Visitor: 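Let me give you the structure first, and then I'll get to my questions.
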Amino acid sequence: MLVLRSPFSDSSVLDHILDEITGSVQLPYWRDADHNSFNFSDNIGEIVNNDSKFSVQIDVSHFKPEDLKIQLDGRELKIEGSQETKSEHGYSKRSFSKMILLPEDADLTAVKSAISNEGKLQIEAPKTANSSRSIPINFVAKH
């Protein structure tokens with residue numbers, strides 16, 4: 001009796017073929033993310049608020065950079081992500097929205113953002129120079 005085996009029936013063979021194909025290629029973070037997980041951007045990551053800067057980090061690894069939008073309205077920083085997927089099997093949409101109120105001493109003209117290879121969005125605003133000062137009280141004697 002002749003038994004035919006597919007090379008794909010053995011998972012180690014398939015894994016080896018996939019390793020050969022993708023071994024030296026570094027995929028963008030959103031290609032490697034687990035898109036079946038819906039626990040994305042639930043929490044804001046590390047927040048730094050010190051004398052020199054305010055910064056916040058958010059995990060956006062389920063979204064491509066073009067799926068993200070950051071807006072600043074006054075001191076309100078709004079971060080949004082929206083993604084739609086259509087296939088012959090259906091349609092899915094995922095989105096998130098975060099609003100953060102920046103500190104009063106944040107320099108709103110210098111807010112910047114960057115995204116890492118791991119899909120961590122970092123938004124940072126330097127602090128303005130300390131504008132408070134002591135005002136001396138002068139004594140004025142009446143004549």
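What you see below is based on every heavy atom in this structure, not just the backbone, and it leaves out hydrogens, waters and symmetry mates. Because the structure is a prediction, the values reported are computed rather than measured. Numbering starts at 1 and runs along the sequence shown.
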Visitor: How long is the gap from CD on Q57 to CD1 on I47, to the nearest 0.5 Å?
Guide: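 Here the rounded value is 10.5 Å.
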
Visitor: How would you list, by chain and number, every residue that makes a side-chain hydrogen bond (donor to acceptor under 3.5 Å, both in side chains) with E84, sequence neighbours excluded?
Guide: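 Listed in chain order: Y91.
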
Visitor: Within a strict 4.5 Å, meaning less than it, do heavy atoms of the V56 and E46 side chains meet?
Guide: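 They are not in side-chain contact.
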
Visitor: Can you tell if the side chain of L77 reaches within under 4.5 Å of the side chain of M99, non-hydrogen atoms only?
Guide: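 No. Closest side-chain heavy atoms not under 4.5 Å.
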
Visitor: With rounding to the nearest 0.5 angstrom, report the CG to NZ distance, N117 to K120.
Guide: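 It is 12.5 Å, given to the nearest 0.5 Å.
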
Visitor: For K78, check side chain to side chain contact (heavy atoms under 4.5 Å, CB included) against everything at least two apart and list the hits.
Guide: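 With neighbours one apart ignored, the set is E80, S97.
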
Visitor: Do V111 and I70 come within less than 4.5 Å of each other through their side chains, counting heavy atoms only?
Guide: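 No. Closest side-chain heavy atoms not under 4.5 Å.
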
Visitor: Between V48 and L108, is there a shared hydrophobic cluster once you connect ILVMFWY residues whose side-chain heavy atoms come closer than 4.5 Å?
Guide: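 They do not share one cluster, since no chain of ILVMFWY contacts under 4.5 Å joins V48 to L108.
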
Visitor: Evaluate L72 against L102 for side-chain contact (heavy atoms from CB on, under 4.5 Å), listing each step before the verdict.
Guide: CA-CA 10 Å; L72 185 61; L102 297 180; 3.7 Å; yes

Visitor: For a side-chain contact (heavy atoms from CB on, under 4.5 Å) check, start with the C-alpha distance between S113 and Q122, then their side-chain angles and the critical distance, and finish with the verdict.
Guide: CA-CA 6 Å; S113 69; Q122 180 87 22; over 6 Å; no

Visitor: Between F63 and L121, does the side-chain contact (heavy atoms from CB on, under 4.5 Å) criterion hold? Intermediate values first, please.
Guide: CA-CA 11 Å; F63 295 88; L121 177 66; over 6 Å; no

Visitor: Determine yes or no for a side-chain-to-main-chain donor-acceptor pair under 3.5 angstrom, with D73 supplying the side chain and E76 the backbone.
Guide: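 A pair under 3.5 Å: no.
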
Visitor: Report yes if the side chains of S61 and E118 come closer than 4.5 Å at any heavy-atom pair, otherwise no.
Guide: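 No - every pair of side-chain heavy atoms lies 4.5 Å or more apart.
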
Visitor: With sequence neighbours left out, write down each residue that passes side chain to side chain contact (heavy atoms under 4.5 Å, CB included) with D107, or none if nothing qualifies.
Guide: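 D107: side chain to side chain contact (heavy atoms under 4.5 Å, CB included) contacts with T109, A110, P126, T128.
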
Visitor: Could you grab the distance from atom OG of S92 to atom CD of Q83, nearest 0.5 Å is fine?
Guide: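 Going from OG on S92 over to CD on Q83, the span is 7.5 Å.
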
Visitor: Does D51 have any side chain to side chain contact (heavy atoms under 4.5 Å, CB included) partners at least two apart in sequence or in another chain, and if so, which?
Guide: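 Not a single residue meets the side chain to side chain contact (heavy atoms under 4.5 Å, CB included) criterion with D51.
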
Visitor: Can you name the residues that form a side chain to side chain contact (heavy atoms under 4.5 Å, CB included) with P103, not counting sequence neighbours?
Guide: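 Listed in chain order: N49, F54, D105, A106, K127.
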
Visitor: By side-chain hydrogen bond (donor to acceptor under 3.5 Å, both in side chains), which residues pair with T85, not counting sequence neighbours?
Guide: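 side-chain hydrogen bond (donor to acceptor under 3.5 Å, both in side chains) check on T85 returns nothing, list empty.
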
